[in-house]
Amino acid sequence: MTFRAAIVGRPNVGKSTLFNRLAGRKLALVDDTPGVTRDRRLHDAKLYDIHFEVIDTAGFEESGPETLAGRMRTQTEIALREADLIFFVIDARAGVLPDDRAFADVVRRSNKPVVLIANKSESRAADAGYLEAWELGLGDPVPISAEHGQGMPDLREAVVEAL
Ligand code: GDP
Ligand code: MG
C-alpha cells in the first residue's frame with residue numbers, strides 16, 4: 001500500500017510532533033523558528049506495517065503579511081491536493097476553536113479521505129475536546145498523544161478504514 005498523507009490543522013495542535021513520530025525523527029526537531037516561512041516537508045513514514053509518505057504543513061502557521069485564509073489557500077491546499085489521505089489534527093485540550101472549523105471546511109472541500117485526530121489526549125483535560133470533535137462532521141475522532149506515542153494502534157486502524 002503506497003499513499004501520501006498530509007497533516008493539516010491550525011497552529012500549535014501538534015502537527016510537527018506527529019510528523020516527526022510518523023517519520024521516526026527526533027522530537028528535538030519539532031521547533032519551528034518563529035516568523036520563518038518553511039517549505040512543506042515530505043518524509044517516508046511508518047505506522048506499524050503501513051508504509052507511506054507524510055507531508056507536514058509547517059510554515060503556513062507563522063505570522064506574516066498574509067491572512068490565515070491566504071496561507072491556508074497556499075500551503076494547506078497544495079498539501080491537500082498532493083495527498084491521498086488527510087490527517088486533520090485538533091488539540092483536544094483546547095477544544096474546537098473557530099480556526100479549527102475554518103480548517104475543517106477546507107479539508108471537507110477537498111473531498112479526500114480524512115482521519116480526525118484529537119491530539120494531546122494523554123490526560124483527562126482532553127475529554128471535553130474529544131467530545132466536541134464529533135461536531136466537526138469529519139468522522140470519529142481518534143484520541144492520540146503524538147508527544148507520548150499513545151493511540152497509535154487506533155490511528156493505524158482509522159487509516160486502514162479511511163483508505
Ligand atoms: P504544530 O504547530 O501543529 O506543528 O505543533 P507542534 O508539533 O509544533 O507542537 C506544538 C506544541 O504542542 C509543542 O509544545 C509540543 O510539544 C506540544 N505537543 C505536541 N503533541 C502533544 C501531545 O500529544 N501532548 C501534549 N501535552 N503536548 C503536545
Ligand atoms: Mg509545525
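Sequential numbering from 1 along the given sequence is applied to the chain's residues. Each ligand, and each atom within it, is numbered from 1 in the order the structure gives. Heavy atoms only: backbone and side chains are in, while hydrogens, waters and symmetry mates are out.
- For the atom pair CG (L85) and CG (L163), the distance works out to 5.0 Å, reported to the nearest 0.5 Å.
- Between H148 and ligand 1, not a single N/O pair is under 3.5 Å apart.
- For N119, every heavy-atom contact with ligand 1 shorter than 4.0 Å involves the side chain, none the backbone.
- Remark: D44 pairs with no residue by the side chain to side chain donor-acceptor pair (under 3.5 Å) rule, at least two apart or across chains.
- Using a 4.5 Å heavy-atom threshold, the side chains of I55 and R4 count as touching.
- Of the N or O atoms in G14, one or more lie within a sub-3.5 Å distance of an N or O in ligand 1.
- In terms of polar-atom proximity, defined here as any N/O pair under 3.5 Å, E147 does make such a contact with ligand 1.
- Evaluation of the side chain to side chain donor-acceptor pair (under 3.5 Å) rule for D105 yields R108 as partners, not counting sequence neighbours.
- Salt-bridge formation is detected for the pair R10/D100: a Lys NZ or Arg NE/NH1/NH2 atom is positioned less than 4.0 Å from an Asp or Glu carboxylate oxygen.
- Under 2.8 Å from the Mg ion (ligand 2) lies no N/O/S atom of N12, from backbone or side chain alike.
- Considering only non-hydrogen atoms, atom 10 (C) of ligand 1 lies nearest to N12 out of V89, V8, N12.
- The side-chain contact (heavy atoms from CB on, under 4.5 Å) with V89 is formed by just one residue from the set I7, V8, T17; it is I7.
- Annotation: side chain of V159 is in contact with side chain of F87 (closest heavy-atom distance under 4.5 Å).
- Interface atoms of ligand 1 facing S145, defined by a heavy-atom separation under 4.0 Å, are 22 (C), 23 (O), 24 (N).
- Contact between R93 and ligand 1 is present, with at least one heavy atom of the residue lying under 4.0 Å from the ligand.
- At least one heavy atom of A146 sits closer than 4.0 Å to an atom of ligand 1.
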